[in-house]
Amino acid sequence: MSDAVETNPYEQLCGLPFFTLPLDEDPVPGALPEPDAVAWRLDCGYEEEWTFTRVWQRFTQVVDTGRVRALVIGPWWTGDYSGLGPAMEQIIADAARFPALRGLFLADVDSERCEISWLRMTDVTPAIEAFPLLEEFRVQGCGDTYEDGDLRLRPVKHEHLRVLCLESGGLPGSVVRAVGASELPALERLELWLGVEEYGGSATVADLAPFLDGGRFPRLRHLGLQNSEIQDEIVGAVASAPVVAGLETLALSMGTLGDEGAEALLTGQPLTHLRELDLDHHFMSPAWTTRIQEALEPHGVRVKLEPADDIDEDDEWRYVAVSE
């Protein structure tokens, strides 16, 4: 197998390591990994002749798409930036060629290529609907910042989706409400980066109610409500939410969590059944972080408590981990 297979645990989809399809030369026999052994990542690179249409054609010609289990869409443009819509239309048009697809990640783009809030998205619902056996769906992108490129989602019914992750510097409230109105009986892991109002983040605590009552997604074992500028309010709601009793891991990280949220956690329902509580990138005082550790770690809970960078105790300004 080629050395281009990635082993970073953060670069996996459906448990498969990312492998970026090489574009510079035709593969020799045996140079590419087996179609079902990696998550195939498509990246148009910096050469203008490699349009997404050409990259897609190459991919479907040199790889047995009938065996592909996971697909990652990296930068889909060359030269002038363009939105995701046309590329996604090509993927959906060829959906029948991917009967084994179980994982799809749209917009795996680092900040050197494009900031997350600048990624022009589209309605991603058709991508879920086109693959009825999909188990993991992950999206990065902007919120309501472009009239022709907003991240959109309609309520969807899907029997097999187990993992849904929407990563944004500003997740629209309409998208959050659509998730809450969706029928996803197999969902085990839900991760939402809510972001900030400046970049389209308009979700409220009320929008989270369907996730918190415990009845909408009965198989949910991980809940991540993260990266929010109203993190204390969210934590306050989670502290008494019925869904927590069924969780194994809970992530309330990346946002503006302070002492108010810490107090809500410790005065709310017991959290000692959790395997992990992720509170990284926080603004809590040392006294409250110590109280959280003392309350949970003796029960075997792994508590992640890395503070936000550059905290100024004399400055009340807080910021989320990912916005622009």
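The backbone N or O of T20 sits nowhere less than 3.5 Å from a side-chain atom of W40 that would complete a donor-acceptor pair. Side chain of E183 to backbone of V156: no donor-acceptor contact under 3.5 angstrom is found. Side-chain atoms of S240 never come within 3.5 Å of backbone atoms of G268 as a donor-acceptor pair (strictly under, hydrogens ignored). The main-chain N or O of D232 is never found under 3.5 Å from a side-chain atom of E260 such that the two would form a donor-acceptor pair. The backbone N or O of L194 lies less than 3.5 Å from no partner atom in the side chain of S228, so there is not a single donor-acceptor pair.
One distance of note links CG of L208 with CD of E233; it measures 10.5 Å at 0.5 Å rounding. For the atom pair NZ (K157) and OG (S182), the distance works out to 12.0 Å, reported to the nearest 0.5 Å. Note: F59 CZ to L42 CG = 5.5 Å, rounded to the nearest 0.5 Å. We find the CE-CG distance between M254 and N227 to be 4.0 Å, quoted to the nearest 0.5 Å. Taking CG of L257 as the start and CD1 of I234 as the end, the distance is 10.0 Å to the nearest 0.5 Å. With rounding to the nearest 0.5 angstrom, the CG atom of L164 is 11.5 Å from the CZ atom of R189.
The closest side-chain heavy-atom distance from Q231 to L252 is below 4.5 Å. Residues L223 and L212 are in side-chain contact: their nearest non-hydrogen atoms beyond the backbone lie under 4.5 Å apart. Using a 4.5 Å heavy-atom cutoff, the side chains of L305 and L277 are not in contact. Within the 4.5 Å cutoff, side-chain heavy atoms of M121 are placed close to those of V139. A heavy-atom distance below 4.5 Å is found between the side chains of V320 and T256. Looking at V62 and L21, their side chains come closer than 4.5 Å, going by heavy atoms from C-beta outward. Under the 4.5 Å side-chain criterion, counting only non-hydrogen atoms from C-beta, C44 is not in contact with E49. Between V179 and V176 the shortest side-chain heavy-atom distance does not fall below 4.5 Å.
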**Report entry** Trace of the side chain to side chain contact (heavy atoms under 4.5 Å, CB included) decision for D108 with I73
**Finding:** CA-CA 6 Å; D108 175 40; I73 305 302; over 6 Å; no

Query - W193/E191 under side-chain hydrogen bond (donor to acceptor under 3.5 Å, both in side chains): CA gap, chis, key distance, verdict - result: CA-CA 7 Å; W193 295 12; E191 186 173 320; 2.9 Å; yes

Query raised in the report: Step by step, would you call L271 with L266 a side chain to side chain contact (heavy atoms under 4.5 Å, CB included)?
Result: CA-CA 8 Å; L271 301 174; L266 290 184; over 6 Å; no

Report task. Quick one: do R58 and W50 satisfy side chain to side chain contact (heavy atoms under 4.5 Å, CB included)? Show the steps, please. Result -> CA-CA 10 Å; R58 178 185 177 89; W50 284 106; 3.8 Å; yes

Report task. Please lay out, stage by stage, how R138 and E167 fare under the test salt bridge (Lys or Arg N to Asp or Glu O under 4.0 Å). Result -> CA-CA 8 Å; R138 185 173 168 189; E167 303 174 2; 3.0 Å; yes

Requested in this report: Step by step, work out the side chain to side chain contact (heavy atoms under 4.5 Å, CB included) result for L250 and D278.
Outcome: CA-CA 6 Å; L250 175 63; D278 184 359; over 6 Å; no

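Each of L104, L133, V68 was compared with F98 under the side-chain contact (heavy atoms from CB on, under 4.5 Å) criterion, and only V68 meets it.
For F211, the ring pair (Phe, Tyr, Trp, His ring centres under 6.0 Å) criterion is met by no residue, not counting sequence neighbours. D280 pairs by the side-chain hydrogen bond (donor to acceptor under 3.5 Å, both in side chains) definition with nothing, not counting sequence neighbours. R216 meets the salt bridge (charged side-chain N to carboxylate O under 4.0 Å, His left out) test with no other residue; sequence neighbours excluded. Evaluation of the salt bridge (charged side-chain N to carboxylate O under 4.0 Å, His left out) rule for E263 yields no partner, not counting sequence neighbours. For the salt bridge (charged side-chain N to carboxylate O under 4.0 Å, His left out) test, residues two or more places apart in sequence or in another chain that qualify with E188 are R162, R219. D213 is linked by a side-chain hydrogen bond (donor to acceptor under 3.5 Å, both in side chains) to nothing, counting only residues two or more places apart in sequence or in another chain. Applying the side-chain hydrogen bond (donor to acceptor under 3.5 Å, both in side chains) rule to E135 yields no partners; only residues at least two apart in sequence or on another chain are considered. For R97, the side-chain hydrogen bond (donor to acceptor under 3.5 Å, both in side chains) test picks out no residue, with sequence neighbours left out. Residues passing the ring pair (Phe, Tyr, Trp, His ring centres under 6.0 Å) test with H282: none are found, sequence neighbours excluded.
Closest non-hydrogen pair, A295 versus P298, comes out as C-CD, 4.3 Å. The two residues D123 and L153 make their nearest non-hydrogen contact at OD1-CA, 3.9 Å. The nearest pair of heavy atoms linking P17 to A37 is CD-O, 3.9 Å. Shortest non-hydrogen contact noted between A70 and L16 is CB-CD1, 4.2 Å. When all heavy atoms of H158 and L161 are compared, the pair lying nearest together is ND1-N, 3.2 Å. Here the closest non-hydrogen pair linking V72 and A39 is CG2-CB, 4.1 Å.
The aromatic rings of W317 and Y319 lie parallel to each other, with less than 30° between the two planes, well short of the 60° mark. Using bins of under 30°, 30° to 60° and over 60° for the plane-to-plane angle, the ring pair W56/F52 lands in the parallel bin.
Under a hydrophobic-cluster definition in which Ile, Leu, Val, Met, Phe, Trp and Tyr are linked whenever side-chain heavy atoms come within less than 4.5 Å, directly or via other members, V163 and L166 are assigned to different clusters.
Judged by distance alone, the side chains of S253 and H281 never bring a donor and an acceptor atom under 3.5 Å apart.
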Please list, one pair per line, the donor and acceptor atoms closer than 3.5 Å that link side chains of residues 81-92 to other protein atoms, with sequence neighbours excluded.
residue : atom : partner : partner atom : Å
Y81     : OH   : R120    : N            : 2.6
Q90     : OE1  : T53     : OG1          : 3.2
Q90     : NE2  : T53     : OG1          : 3.2

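Salt-bridge formation is detected for the pair D43/R113: a Lys NZ or Arg NE/NH1/NH2 atom is positioned less than 4.0 Å from an Asp or Glu carboxylate oxygen.
Cation-pi check for R41 over F18 is not met; the charged atom does not lie both under 6.0 angstrom from the ring centroid and within 45 degrees of its normal.
Every pair passing side-chain hydrogen bond (donor to acceptor under 3.5 Å, both in side chains) that includes a residue from residues 59-76 is listed here, sequence neighbours excluded: E34-R67, D36-R67. The side-chain hydrogen bond (donor to acceptor under 3.5 Å, both in side chains) pairs that include a residue from residues 283-298 are D259-S285, where partners are two or more places apart or lie in different chains.
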